[in-house]
Structure formats: C-alpha cells, structure tokens
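Here is the structure we will look at, set down as structure tokens.
Quick note: residue numbers are just sequence positions, from 1.
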Amino acid sequence: MKSCLVGCMTTLLAFWAFPFITHAQTVQPRVAAAPTPAPVPARDVSGVWIFSGNRDIDPDDKQSPGGIIPTMTPWAKARYDTEKPGYGRRAAPGGNDPILQCDPTGFPRILFFPTPFEFIPIPGRILQAFERDHIVRVIWMDGRPLPKDAADTPLWYGYSVGKWEDDYTLVVETAGLDDRTWLGASGYPHSTSMVVEERYRRVDHDTIQYSLTMTDPVAYTRPWIGATRALTLKPRTEIPQNLCVWSEENSFTQRIRIPAAEPAPSR
C-alpha cells in the first residue's frame, strides 16, 4: 500500500509538472520592438538638409548637376573653351571661375557644395538659407507665375516660384539666371534663357529625393536632366556664417591652387 501511494504521488507530480516544463522549454526571449518610424509631415520640408553621396556624379566635378551632359550648341562650346577652371583636370593658372573672385556661386551650382542648407517656411514663401556664402534664396509660394520677362532682368540666383504637387512633392521653377555663373567647377555655361525645374519629394521623415531638369536651348541641344540625389535631414544642426572673403580666397589661390594647376616639370 505504501509503495502504491508513493508511486501514485510521483506520477501525479510528474503529470502536473509536465506542462510547466514544456512551457519553460518553448518560451522564447522577448525581442525589443523596432521603434516606430517618425511620421512624414505633409507639405513640410523645413529643417537643415545636406546632399548624400551619389555614384552618378562626375568625380572630377562634384559641383555640377551630374547626369548625362547634353551636346553643347556652338554658342555654349565657344564659351566653354574660354573658361579656365580652378579645380579638376581642366584647372589652369589664372583660372577665371567666378567664385575664385568671390562672385556669387549661382544656381543650381550652390546646391551641390558639401555644405548644408535650411528650408525656412514663412507666409507666402519658402526661404532656402545656404551655409555656402551665407546666401538666402526666395521661393515664392503664393501662386504667382514665373515672370515672362525674367531673362531680360537676370539675377544671380534667378527668380523662383514653387507649388505642392501633392502632400509630399514640392516643385520649384526658376528662370532669369545670370549667365556669368557656371554650372559646376568645370566651366559648363548657360544662358539667361535657362529654366530650371526642381522636384523635392519627401520619401520619409529624414529623406528627400531630389531631381532637377535644366532647359536651355541657347546652350544645349536638349534638356539636361541631373542625377537623382538624396537629401538627408540634419536635426540639431545650425547654419554658420560662412562668407567668401576675397583676401582669403586670393591667398588660397596663390598658395595652393596655382601651384597645383601648373604642369609638372619635365625630367
């Protein structure tokens, strides 16, 4: 009787313990849930942004829009042949790149420097404040069209109007660009007739997909479609005061740029 009682109790304990043992063997450690992505704000590009790298950009001229460069017209080719860049494979002593004299960088070239810019929305406008040269570009958002005579009164950064194509795509058109500026460090020219269309598509909270098309029949045989690039949001970043000072630029030219552009002595 005693042995039966012990055996029965052992069996009963094993029966009750089995579910707990099985449960302990099958429970998996908890994995922390991935953080919920920040929502994409509608019709809002405010904040400080900087371009990310893109392998489609010409490594010899990262200040140009990239993409496949169209064939130049005879007018543009004649101007291109007279340009003397201060950087890259075409660099030459006595370079005449306007920015070497602290002339305005111009648009869209200013976009492609490795420095950030900030979008600042205000009533009726979006301001684009660049670290480079501490320049502020105005994009009118009040529904006005581009002036028909913009090419007659060109400006260093042109005249820009914008609109929201949908909740996440800002489209900007710019005309009336001063033709003394270059489309990159290599000396690509443009005329005052050039019209630039930009598309800023916010694909997530921290990323804008950027593309542009430059149409200038005076300088190129077809529109120049730039390489698609990504803009990355840089929170807690401030735009410093970064001015072009001619004395500093000239000192750099004499010490660095001219010696680098001179041909190596023959042996």
- For D206, salt bridge (Lys or Arg N to Asp or Glu O under 4.0 Å) partners two or more places apart: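 Once residues adjacent in sequence are excluded, D206 has no partner under the salt bridge (Lys or Arg N to Asp or Glu O under 4.0 Å) criterion.
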At what distance, to the nearest 0.5 angstrom, does [atom1] of [X] lie from [atom2] of [Y]?
X    : Y    : atom1 : atom2 : answer
E131 : I110 : CD    : CD1   : 10.5 Å
L231 : R202 : CG    : CZ    : 10.5 Å
W49  : L233 : CH2   : CG    : 4.5 Å
K234 : F117 : NZ    : CZ    : 13.0 Å

Indicate whether any N or O donor in one side chain lies under 3.5 Å from an N or O acceptor in the other, for [X] and [Y].
X    : Y    : result
W246 : Q101 : yes
D179 : T192 : no
S52  : T232 : yes
T169 : D166 : yes
R201 : Q209 : no

- Shortest non-hydrogen contact between L177 and G158, atoms and distance: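 Reported closest heavy-atom pair: CD2-N, 3.4 Å.
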- Item | Residues R222 and D216 bridged, charged N to O under 4.0 Å |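 Between D216 and R222 there is no salt bridge, as every charged N stays at least 4.0 Å from the carboxylate O atoms.
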- Residues R137 and E198 bridged, charged N to O under 4.0 Å: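 Yes, R137 and E198 are salt-bridged.
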- Item | ring pair (Phe, Tyr, Trp, His ring centres under 6.0 Å) partner of Y200, the single match among F119, Y168, W164 |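 One option only clears the test, and that one is F119.
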- Message: Please verify the inter-ring angle class for W140 with Y159; under 30° counts as parallel, over 60° as perpendicular, anything in between as tilted.
- Response: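 It falls in the parallel class, under 30°.
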Would you mind reporting whether [Y] and [X] have side-chain heavy atoms less than 4.5 Å apart?
X    : Y    : result
T213 : P223 : yes
M72  : P189 : yes
F113 : I50  : no
Y220 : T73  : no
I139 : R125 : no

- Item | Test item: R79 side-chain N/O and T82 main-chain N/O as donor-acceptor pair under 3.5 Å |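 No; judged by distance alone, with no hydrogens or angles, the pair does not exist.
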- Counting N and O atoms only, with roles assigned by atom type, does the side chain of R132 sit under 3.5 Å from a partner on the main chain of N242, one being a donor and the other an acceptor?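 Not at all, since once roles are kept as given, no pair shorter than 3.5 Å links the two residues.
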- Task: Give me the other members of the hydrophobic cluster that I239 sits in, counting Ile, Leu, Val, Met, Phe, Trp and Tyr linked by side-chain heavy atoms under 4.5 Å, directly or via other members.
- Result: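 V48, all in the cluster of I239.
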- Message: If you apply the rule ring-ring contact (aromatic ring centres under 6.0 Å, His included), what do you find for Y188 with W224, and how did you get there?
- Response: CA-CA 11 Å; Y188 299 115; W224 182 343; 5.5 Å; yes
- Examine R229 relative to F51 and say whether NZ or CZ is less than 6.0 Å from the centre of the six-membered ring and inside a 45° cone about the ring axis.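 Flagged: R229 positioned over aromatic ring of F51.
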- With a cut-off of under 6.0 Å to the ring centre and 45° to the axis, is R90 in cation-pi contact with Y80?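 Here R90 passes the 6.0 Å and 45° test against Y80.
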